[in-house]
Amino acid sequence: MENKPPLALEEITSRESIRRKKKRWIRLVVSLFLGLLLMVVIYRNFDFKQLAKELHSGEINWFIIGISILVEALGNALRGLRWRLQTIPFSSPAPRRRNTTLSVLGSYTMNLIFPRAGEVWRCAIISRYESLSISKLFGSLLMDRFMDVIALGVIVIGSLSGFSDFLGRYFSEHPDLYLKVSHLVSSPLFYLILVAIGALCYLALRLLKKNKWGVKIRQSLRDIWEGLLSIRTMPHRGLFLLYTIGIWGCYFFAFYLTFFAFSFTQDLGISIGLLAFVMGTLGVAAPVQSGIGAWHFMIITTLVAMGVQRDSAASFALVIHTSQTLGSALIGLIAILVIPLLNRNYNRIR
């Protein structure tokens with residue numbers, strides 16, 4: 001029996017690339033399926049004819065919704081400026097503000113194509129035009145997301161502390177959510193899995209020392225770690241904090257503005273607006289494309305608990321999510337088209 005010849009490096013690389021593409025498509029399909037399934041469940045009894053009448057009757061203030069889209073885009077632009085600060089420790093000179101800003105704006109459009117594709121794209125585009133290590137950029141991006149988790153945690157604790165009655169009622173109506181979370185945290189299997197993951201990572205790093213591919217991977221991991229810790233030596237930390245406040249202030253203000261676009265939400269008040277914003281943000285964290293379904297569910301549940309009719313709450317969620325998603329996608333598309341034009345003759349290291 002003849003031995004099969006070893007695969008050429010090019011063929012191995014090609015097969016690995018095909019496998020990665022298949023995984024991305026599978027994640028996309030699963031994400032969209034879950035989102036659409038949630039939408040079907042939420043809107044199965046919804047009166048779309050009534051919504052069509054509202055859209056044509058002028059009851060919805062589209063000017064306010066348009067302003068909210070611009071305010072949200074301002075928050076995304078501030079995110080680009082904040083990210084630039086994080087890159088300063090491993091870049092000299094620092095990237096151009098227009099590049100980091102446009103890359104962040106464009107990333108939201110890319111995220112609509114594939115889940116989390118925008119994060120990869122914005123690191124790649126800055127690496128291309130600013131000649132920076134993509135691994136270090138990715139590490140700084142991870143820290144960027146980690147800071148968002150901290151900021152969101154502060155907002156959640158601060159806003160939900162005043163709504164203990166609402167939370168008690170919400171979890172009593174959805175006991176399965178509380179049981180799932182408590183069971184996960186109290187399960188020994190959860191901690192065993194964490195230990196197993198840590199052990200596997202350690203073994204993988206040990207094995208990577210023994211071949212040339214391992215050396216490259218270890219270098220990439222070191223670069224990611226350096227980018228992740230760049231915040232320690234980052235200048236202008238006060239400005240970083242101001243940017244963070246500005247980002248989340250814009251996100252909240254963009255959402256709260258939409259309350260004034262509908263007659264049934266304009267009198268709810270800023271505290272309820274903050275609660276709905278937090279619940280919707282938590283919904284976006286669900287593993288579905290652009291928060292489809294999960295965001296709607298959280299917003300509808302919150303508004304109904306605050307006295308809004310269910311059909312009205314469903315209309316609000318559908319109109320706001322669709323308009324803001326399309327608005328961000330359009331602004332991001334413009335950014336994607338503009339960024340190569342602004343960098344035609346740019347050479348950062350020249």
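Quick caveat: nothing in here was measured; it's all calculated off a predicted structure.
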Asker: In this structure, would L341 and I334 fall into the same cluster of hydrophobic residues linked by side-chain contacts under 4.5 Å?
Answerer: no

Asker: Is S103 reaching over with its side chain to a backbone N or O of R122, donor-acceptor style, under 3.5 angstrom?
Answerer: no

Asker: Hey, does V308 have a side-chain heavy atom less than 4.5 Å from the side chain of I300?
Answerer: no

Asker: At their closest point, which heavy atom of I65 faces which heavy atom of S323, and how far apart are they?
Answerer: CG2-OG, 3.4 Å

Asker: Where does the angle between the aromatic ring planes of F262 and F264 fall among parallel (under 30°), tilted (30 to 60°) and perpendicular (over 60°)?
Answerer: tilted

Asker: How long is the span from the CD1 atom in I299 to the CG atom in L318, to the nearest 0.5 Å?
Answerer: 12.5 Å

Asker: Given the rule that I, L, V, M, F, W and Y join up when any side-chain heavy atoms are under 4.5 Å apart, are L241 and F146 in one cluster?
Answerer: no

Asker: Please give me the minimum heavy-atom distance between A77 and L105, naming the atom from each residue.
Answerer: N-CD2, 4.2 Å

Asker: For a quick test of reading the model, state the closest non-hydrogen atom pair linking R84 to A94 and the distance between them.
Answerer: NH2-CB, 3.5 Å

Asker: Check the pair N111, W121 against side chain to side chain donor-acceptor pair (under 3.5 Å), reporting the backbone distance first and the verdict last.
Answerer: CA-CA 9 Å; N111 278 336; W121 178 83; over 6 Å; no

Asker: Apply the test side-chain contact (heavy atoms from CB on, under 4.5 Å) to residues S68 and F63: give CA-CA distance (whole Å), side-chain angles for both, the deciding distance (0.1 Å), then the verdict.
Answerer: CA-CA 9 Å; S68 75; F63 176 76; over 6 Å; no

Asker: Under the side-chain contact (heavy atoms from CB on, under 4.5 Å) rule, what do T87 and K136 come out as? Steps first, then yes or no, please.
Answerer: CA-CA 8 Å; T87 66; K136 293 180 181 179; over 6 Å; no

Asker: Please give me the minimum heavy-atom distance between A73 and I331, naming the atom from each residue.
Answerer: CB-CD1, 3.6 Å

Asker: About how many Å separate CZ of R98 and CG of N343, when rounded to the nearest 0.5 Å?
Answerer: 8.0 Å

Asker: Are Y129 and V338 connected, step by step, through hydrophobic side chains (Ile, Leu, Val, Met, Phe, Trp, Tyr) whose heavy atoms are closer than 4.5 Å?
Answerer: yes

Asker: Distance under 6.0 Å and angle within 45° of the ring axis: does R82 meet both against F240?
Answerer: yes

Asker: Measuring from atom CG of L333 to atom OG of S328, what distance do you get when rounded to the nearest 0.5 angstrom?
Answerer: 12.5 Å

Asker: How long is the span from the CG atom in L141 to the CD atom in E119, to the nearest 0.5 Å?
Answerer: 5.5 Å

Asker: Under 4.5 Å between side-chain heavy atoms, counting indirect links through other Ile/Leu/Val/Met/Phe/Trp/Tyr residues: same cluster for I125 and L337 or not?
Answerer: no

Asker: Work out which heavy atom in I64 is nearest to a heavy atom in L257; give both atom names and the distance.
Answerer: CG2-O, 3.1 Å

Asker: Any heavy-atom pair between the side chains of F260 and Q266 that's under 4.5 Å?
Answerer: yes

Asker: Taking atom CG of L274 and atom CD1 of I155, what is their separation to the nearest 0.5 Å?
Answerer: 7.5 Å

Asker: Counting C-beta onward and ignoring hydrogens, is there a side-chain heavy-atom pair between L102 and L342 closer than 4.5 Å?
Answerer: yes

Asker: Report yes or no: do I150 and Y251 belong to one cluster of Ile/Leu/Val/Met/Phe/Trp/Tyr joined by side chain heavy-atom distances under 4.5 Å?
Answerer: yes

Asker: Check the pair Y243, I245 against side-chain contact (heavy atoms from CB on, under 4.5 Å), reporting the backbone distance first and the verdict last.
Answerer: CA-CA 5 Å; Y243 280 148; I245 295 172; over 6 Å; no

Asker: If only atom types and distance count, is the side chain of S107 paired as donor or acceptor with the main-chain N or O of V104 below 3.5 Å?
Answerer: yes

Asker: Would you check if the side chain of Y256 reaches a backbone N or O of I270 as a donor-acceptor pair within less than 3.5 Å?
Answerer: yes

Asker: Nearest heavy-atom pair of A151 and W248: which atoms, and what distance?
Answerer: CB-NE1, 3.7 Å

Asker: Do T325 and T322 make a side-chain contact, defined as non-hydrogen atoms from C-beta onward lying under 4.5 Å apart?
Answerer: no

Asker: Give a yes or no on whether the backbone of R97 and the side-chain of T100 come within a donor-acceptor separation of less than 3.5 Å.
Answerer: yes

Asker: Between M306 and L275, is the side-chain contact (heavy atoms from CB on, under 4.5 Å) condition met? List the steps.
Answerer: CA-CA 10 Å; M306 296 302 166; L275 176 64; 3.4 Å; yes

Asker: Looking at A329, is its backbone amide N or carbonyl O close enough to the side chain of T109 to form a donor-acceptor pair, meaning the two atoms are under 3.5 Å apart?
Answerer: yes

Asker: When you compare the side chain of D144 with that of Q86, does any pair of heavy atoms fall below 4.5 Å?
Answerer: yes

Asker: Please round to the nearest 0.5 Å and tell me the distance separating atom CD1 of I67 and atom OG1 of T258.
Answerer: 13.0 Å

Asker: Taking T101 for the side chain and G80 for the main chain, is one N or O donor matched with an acceptor at less than 3.5 Å?
Answerer: no

Asker: Can you classify the ring geometry of H296 versus H321 as parallel (below 30°), tilted (30 to 60°) or perpendicular (above 60°)?
Answerer: tilted

Asker: Centres of the F255 and F252 rings: under 6.0 Å?
Answerer: no

Asker: Give a yes or no answer on whether the side chain of T301 reaches the backbone of M298 with a donor-acceptor pair at less than 3.5 Å.
Answerer: no

